[in-house]
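This report concerns only the one structure given below.
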Amino acid sequence: MTASPLVPPLGAPFRAALVQMRTAKSVATNVETASALIRQAVAEGASYVQTPEMTGTMEENREALFAVLHAEEDDPALAAFRALAAELKIHLHIGSLAVKASEHRAANRSYLLAPDGSIAARYDKIHMFDVDLPNGDVYRESNAYRPGELAVLADLPQIRLGFAICYDLRFPALFRALAEGGAGLITVPAAFTQSTGEAHWHILLRARAIETGTFMLAAAQGGTHENGRKTYGHSLIIDPWGTVLAEGGTEPGIVAAEIDPAKVAAVRARIPSLANGRRFELLAPGAESRLHLVPSGGAA
C-alpha cells in the first residue's frame, strides 16, 4: 500500500548535523574548513550533514566570481565533497555552491550527495535576493545568478527531504508544496544578513515548521566575512511542532540533534492543516480571479 504524501514513509531516528561557517573568498580554504567540520560531525555520530549557502566562496563582485566559477562537471569543490561523502559513507548536503550555468549566469545550487559520492539531487535557488535594506545595504543576486524553476524532493533512508535556500524562506507556498509532496524535513541552508536575521530568522523558520508539520534544518553563515559582509549565524534544527532542538551562535562549528521521523506523523495527526487545505479563488476589484494567487497561464 502506498503511503499518503501527507504521511510520508518514515524510518528510524538518525543524527543530523549542521556545519556553520564563515566562508571566505578562497575556494580551497573553504573546502578545507568545511571538510574538517564535516569530519567532526561524522565522528560525533551524524549520518546526514548539511553545510550553509555559499559553502565554496563568499564572492559578491561579479567579475571576481566568474573568474573562479566552474561548470558542475569541472567544479573542484564539488569533486572534493563527493569524494568526502564516499569516504565517510554519509549523506552530505552541500547547502550551495556557485556553479557556472551559462556564459553570463551562475546558479546558486544545492547538492545532496549520496554515501557512494554520487549526486542524489540538485536544487537551484528559485527566489533571488534583490533588496535594498534600510541600513543602506543593497543586494542584487540576479545580477550574477539565474533563478531556478523546479522545486525538488529527495529521499533519505529515513525521511523525504525538500530543498530551499536562504531567501526562499520568505515564500511559504514553496514550503507548502514540498510538504504536500511528502517532505518530512525541509532544508534551508542560508547566508542571512545580520539585520534581517535578527528580525526574522527564528520566526520564519519556526513558522514554516509549524505550517507544514515538518523538521527544518538550516545551516547558516555567521560573523563578519573577508568581504565585509555580516551574516547572522544561529544555525537551527527545529521539529515539526516548532520547537528548537539545537541552535548555533555566530562562530563556525557544529550544531546537531536527533531527528525522529515519527514526530512528523504525530504532529500532522494532531494538527491536520495539510490535509484540511482547500483550493480557493481570490476575487479583487478590477482584477481577474486567481487560484492560489497564481496568475492564469501558470506564470510565476
Side-chain angles (χ1 to χ4, degrees), residues 17-42 46 48-125 129 141 144-146 148 152 154 161 163-166 187-191 217-223 225-227 229 231 233 235 252-254:
L18 310 178
V19 170
Q20 185 159 296
M21 294 180 64
R22 187 175 298 148
T23 295
K25 294 183 178 182
S26 167
V27 175
T29 298
N30 296 325
V31 169
E32 181 179 357
T33 299
S35 296
L37 290 169
I38 292 163
R39 289 181 183 281
Q40 178 186 336
V42 174
Y48 165 91
V49 182
Q50 180 193 130
T51 67
E53 181 184 28
M54 290 295 126
T55 293
T57 182
M58 187 69 80
E59 180 57 76
E60 295 179 337
N61 178 278
R62 191 179 191 282
E63 289 71 25
L65 174 66
F66 274 78
V68 299
L69 276 187
H70 294 82
E72 179 178 288
E73 59 271 20
D74 301 317
D75 189 89
L78 180 59
F81 289 130
R82 290 182 66 177
L84 185 60
E87 176 193 339
L88 299 175
K89 295 180 174 55
I90 60 166
H91 279 92
L92 176 55
H93 183 174
I94 303 304
S96 82
L97 299 173
V99 296
K100 190 171 184 179
S102 69
E103 184 178 353
H104 302 293
R105 281 288 181 270
N108 189 345
R109 184 169 294 166
S110 189
Y111 291 95
L112 179 65
L113 306 177
D116 63 359
S118 62
I119 298 173
R122 53 176 67 75
Y123 165 72
D124 288 357
K125 185 178 181 181
F129 189 53
E141 191 172 11
Y145 294 90
R146 72 178 191 193
V152 177
L161 179 154
F163 291 82
I165 298 174
C166 200
T187 60
V188 196
L217 271 66
Q221 298 280 354
H225 297 258
E226 182 182 355
N227 62 4
R229 179 172 177 175
T231 51
S235 298
I254 302 297

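This chain uses plain numbering: 1 for the first residue, then up along the sequence. Below, each value reflects all heavy atoms present in this structure, side chains not excepted, and no hydrogens, waters or symmetry copies.
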Going by heavy atoms in the side chains, are [X] and [Y] under 4.5 Å from each other?
{"X": "L84", "Y": "R39", "answer": "yes"}
{"X": "L65", "Y": "T57", "answer": "yes"}
{"X": "M54", "Y": "S96", "answer": "yes"}
{"X": "I38", "Y": "I90", "answer": "yes"}
{"X": "R82", "Y": "I119", "answer": "yes"}
{"X": "V19", "Y": "I254", "answer": "yes"}
{"X": "S110", "Y": "H93", "answer": "yes"}
{"X": "Y48", "Y": "L217", "answer": "yes"}

Check your understanding: If we ignore angles and hydrogens, is there a donor and acceptor under 3.5 Å between the side chains of H225 and T23?
Key -> no
**Study point:** Criterion side-chain contact (heavy atoms from CB on, under 4.5 Å) against M58, the qualifying member of M21, Q221, K25
**Key:** Q221
Enter the distance from [X]:[atom1] to [Y]:[atom2] here, rounded to the nearest 0.5 Å.
{"X": "R62", "Y": "H104", "atom1": "CZ", "atom2": "NE2", "value": "8.0 Å"}
{"X": "N30", "Y": "L97", "atom1": "CG", "atom2": "CG", "value": "10.0 Å"}
{"X": "L69", "Y": "D74", "atom1": "CG", "atom2": "CG", "value": "12.0 Å"}
{"X": "L112", "Y": "I94", "atom1": "CG", "atom2": "CD1", "value": "9.5 Å"}
{"X": "E53", "Y": "N108", "atom1": "CD", "atom2": "CG", "value": "4.5 Å"}

Practice item. Count the heavy atoms of every other residue, nucleotide or ligand shown that sit under 6.0 Å from CD of E87, and state whether that count exceeds 12. Key: yes
Taking all heavy atoms of [X] and all of [Y], pick out the closest pair and write down the distance.
{"X": "A218", "Y": "L18", "answer": "O-CD1, 3.5 Å"}
{"X": "A17", "Y": "A41", "answer": "CB-CB, 3.6 Å"}
{"X": "A190", "Y": "P52", "answer": "O-CB, 3.8 Å"}
{"X": "K125", "Y": "C166", "answer": "NZ-CB, 3.9 Å"}
{"X": "F66", "Y": "A144", "answer": "CZ-O, 3.9 Å"}
{"X": "A114", "Y": "H91", "answer": "CA-CD2, 4.1 Å"}

Any donor and acceptor pair, going by atom type alone, linking the side chain of [X] with main-chain N or O of [Y] inside 3.5 Å?
{"X": "R229", "Y": "A191", "value": "yes"}
{"X": "Q50", "Y": "A219", "value": "yes"}
{"X": "S35", "Y": "V31", "value": "yes"}
{"X": "Q20", "Y": "S235", "value": "yes"}

Exercise for review: Apply side chain to side chain contact (heavy atoms under 4.5 Å, CB included) to Y111 and D75, showing your working.
Suggested key: CA-CA 12 Å; Y111 291 95; D75 189 89; over 6 Å; no
Practice item. Please report the C-alpha distance between V152 and D124 in whole Å, then the side-chain angles of each, then the deciding distance to 0.1 Å, and finally whether the side chain to side chain contact (heavy atoms under 4.5 Å, CB included) criterion is met. Key: CA-CA 9 Å; V152 177; D124 288 357; over 6 Å; no
